[in-house]
Amino acid sequence: MERIIFHVDVNSAFLSWSAVKRLKEDPASVDLRTIPSAVGGDVETRHGIITAKSIPAKKFGVTTGEPVTKALQKCPGLILVSSDWQTYRQYSRAFISILHEYSGIVEQASVDEAYVDMTEAASDRCEAERLAAKIREEVRTRLGFTVNVGISSNKLLAKMASDFQKPDRTHTLWPEEIQTKMWPLPIGSLYGCGSKTAGRLSGIGIVTIGDAAAAELSVLQSFLGEKGGAYICRAAHGIGSARVQTQSEDAKSYSNETTTAEDVTVKNYERLALPLIRHLSEKVALRLQRDKVYGSTVIVSVKTSDFRRHSRQKKLSSSTNDASVIFRNARELLQGLLYEENGIFDRGAGVRLIGVGVSTLDRGEYRQMDFDGFLQQQKEEKEQAAIREKRNRLDDMMRTVQARYGTDMIHRGIP
């Protein structure tokens, strides 16, 4: 039986969710999705990085991950809005909830995207497209934002399909459509092929995904290494997993990473790396909070311009899912990797990828309470004690009245 996998992706998620919230608060305000706008950095100082942009902003060349100052040079009239993680969490939960109405097999890949196994729900390919259209309509009418749905027989191809023309579209990429729909695309469009990898491949004449599919495996591996070359070869032929993992399968760690818009060096560290670390820490924290788990080991990993990966980790005294705690420790780890004697910067290398992760997970049962937590617990215990005391006094009064006037005279109310 052919598997039917959906990849559902919110269009410009952070920007869309900010726009929906703004329109709810003030229906007369301009829709951020219709003008050059972006979420990113400190709105007042205009520092930081772009984490989401509107389609009109994209037409000016604004890209996710680039410094705000660079985006403003491309588009001086760009409207900037601050991140709002509480709103993102709210809409993410609502979005995933709708997907669960269509299938019990949902894998949330990030805050704004998910894979859905629709094999049992859709009797054939036509039914799959009808259900995809219905999901898009449900999200649009109930939540106020749009999604793209990619349909295929595995997760890789479904993901590729959802990245085709946007917004609010359904696209298919079945195995027999790879040659016409995927192979003509630029090699950088292949899922998992970063800009630096695409640049190296373009340098040897592999410009499209089709070129990579036609290349010898040995050639790809000679330029990208054994694992990297093998991945590009498989992906270019549309080979990927069809297994959609449900949320009930416990994760061993949570992490997010991103390729930098330009190599991180001593000169641009504060401008480029620090905002990225903060953004990645917030994304990891959001996922931990969503799943109600905590982690006591913070991990930072980087990939240098020579494609070597380096990482460091730190064991915390108490597990956490707080973004500020993760950021503070991730920043310390990154600075150690980059700045210490014989570190990355000392060797004259630059960084092209940064990742933040949290491991050694628990459900909160082993957390050591900090002073603020202790004070909060003390306050709650006092409040509970006061409630119990009031309840006991009421019970005594009720028994006194019943003893004097009969048991039917007074009863407890139902809250």
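Basis for what follows: all heavy atoms, side chains included, without hydrogens, waters or symmetry-related copies.
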Practice item. For a side chain to side chain contact (heavy atoms under 4.5 Å, CB included) with Val351, tell me which candidate from Val302, Leu334, Leu272, Leu337 qualifies. Key: Val302
Review point. Given Asn11 and Thr146, is the side chain to side chain donor-acceptor pair (under 3.5 Å) satisfied, shown in steps?
Key: CA-CA 6 Å; Asn11 300 136; Thr146 62; 2.7 Å; yes
Review point. Could you state the interatomic distance from CD (Glu282) to OG (Ser324), rounded to the nearest 0.5 Å?
Key: 9.5 Å
Check your understanding: Looking at Tyr254, is Arg287 sitting on its ring face, NZ or CZ under 6.0 Å from the six-membered ring centre and within 45 degrees of the normal?
Key -> no
Exercise for review: With rounding to the nearest 0.5 Å, note down the distance linking CE in Met118 to CD1 in Ile151.
Suggested key: 8.5 Å
Check your understanding: Is Lys159 salt-bridged to Glu113, cutoff N-O under 4.0 Å?
Key -> yes
Practice item. For atom CZ of Phe60, decide whether the heavy atoms of other residues, nucleotides or ligands shown that lie under 6.0 angstrom number more than 12. Key: no
Check your understanding: Are more than 12 heavy atoms from other residues, nucleotides or ligands located less than 6.0 Å from atom CD of Glu2?
Key -> yes
Point to revise | Side-chain heavy atoms of Arg33 within contact of Phe145, under 4.5 Å | key: yes
Review point. Which value, rounded to the nearest 0.5 Å, describes the distance between Ser110 atom OG and Asp112 atom CG?
Key: 4.0 Å
Review point. Would you call Glu66 and Lys74 a salt bridge, taking side-chain N to carboxylate O under 4.0 Å as the test?
Key: yes
Review point. Does CD belonging to Glu101 count more than 12 external heavy atoms closer than 6.0 Å?
Key: yes
Point to revise | Ionic contact status for Arg22 with Asp31, cut-off 4.0 Å | key: no
Point to revise | Spatial distance of atom CG (Leu333) from atom OG (Ser311) [nearest 0.5 Å] | key: 9.5 Å
Exercise for review: Start with the C-alpha gap between Glu107 and Lys155, add the side-chain angles, then the distance that decides, and say whether salt bridge (charged side-chain N to carboxylate O under 4.0 Å, His left out) holds.
Suggested key: CA-CA 11 Å; Glu107 176 185 342; Lys155 290 159 68 175; 2.9 Å; yes
**Study point:** Short side-chain to backbone donor-acceptor contact, His7 and Gly150, under 3.5 Å
**Key:** no
Point to revise | Val244 and Val106, any side-chain heavy atoms less than 4.5 Å apart | key: no
Check your understanding: Cut-off 3.5 Å, side chains only: do Gln108 and Ser92 have a donor facing an acceptor?
Key -> yes
Check your understanding: With no hydrogens and no angle check, is any side-chain donor or acceptor of Ser152 less than 3.5 Å from a backbone partner on Leu173?
Key -> yes
Practice item. Using a cut-off of 6.0 Å, state whether more than 12 heavy atoms not belonging to Gln90 lie near its atom CD. Key: yes
Review point. Do Tyr88 and Ser18 have side chains that get closer than 4.5 Å, going by heavy atoms?
Key: yes
Review point. In this structure, which one of Arg130, Arg136, Glu129 forms a side-chain hydrogen bond (donor to acceptor under 3.5 Å, both in side chains) with Thr170?
Key: Arg136
**Study point:** Heavy atoms of other groups near Lys58 NZ, more than 12 under 6.0 Å
**Key:** no
Review point. Are more than 12 heavy atoms from other residues, nucleotides or ligands located less than 6.0 Å from atom OH of Tyr269?
Key: yes
Practice item. May I ask you to test the Arg290-Arg89 pair for a side-chain heavy-atom distance under 4.5 Å? Key: no
Exercise for review: To the nearest 0.5 Å, tell me how far Thr119 OG1 sits from Ile5 CD1.
Suggested key: 5.0 Å
Check your understanding: Any ion pair linking Glu137 and Arg142 (charged N to carboxylate O, less than 4.0 Å)?
Key -> no
Review point. So, Glu340 and Arg312, do they make that salt bridge, N to O below 4.0 Å?
Key: yes
Exercise for review: Measure the shortest side-chain to side-chain distance between Tyr102 and Val116 over non-hydrogen atoms and say whether it is less than 4.5 angstrom.
Suggested key: no
Review point. Do Ile206 and Leu220 touch side chain to side chain, with heavy atoms closer than 4.5 Å?
Key: yes
Review point. Is the distance between the ring centroids of Phe14 and Trp85 less than 6.0 Å?
Key: yes
Practice item. Find out whether Glu257 and Ser301 are in side-chain contact, i.e. whether some heavy atom of one side chain is under 4.5 Å from a heavy atom of the other. Key: yes
Check your understanding: Will you find, in the side chains of Ser29 and Asp26, an N or O donor that is under 3.5 Å from an N or O acceptor?
Key -> no
Exercise for review: Given ring pair (Phe, Tyr, Trp, His ring centres under 6.0 Å), test Tyr115 with Phe6 step by step and report yes or no.
Suggested key: CA-CA 6 Å; Tyr115 296 98; Phe6 283 9; over 10 Å; no
Check your understanding: Mind checking whether Ser12 and Pro167 have side chains closer than 4.5 Å, heavy atoms only?
Key -> no
Practice item. Could you tell me whether Arg331 atom CZ has more than 12 heavy atoms of other residues or ligands within 6.0 Å of it? Key: yes
Review point. Do Gln221 side-chain atoms and Glu226 backbone N/O form a donor-acceptor pair below 3.5 Å?
Key: yes
Check your understanding: Above 12 or not: heavy atoms from other molecules or residues under 6.0 Å from NZ of Lys315?
Key -> yes
**Study point:** Side-chain donor/acceptor of Glu177 to backbone N/O of Trp174, under 3.5 Å
**Key:** yes
Check your understanding: Is the closest basic N to carboxylate O distance between Asp117 and Arg243 below 4.0 Å?
Key -> no
Review point. Quick one: does Asn148's side chain have a donor or acceptor within less than 3.5 Å of a partner on Gln165's backbone?
Key: yes
Review point. From Ile49 CD1 over to Arg271 CZ, what is the distance, rounded to the nearest 0.5 angstrom?
Key: 11.5 Å
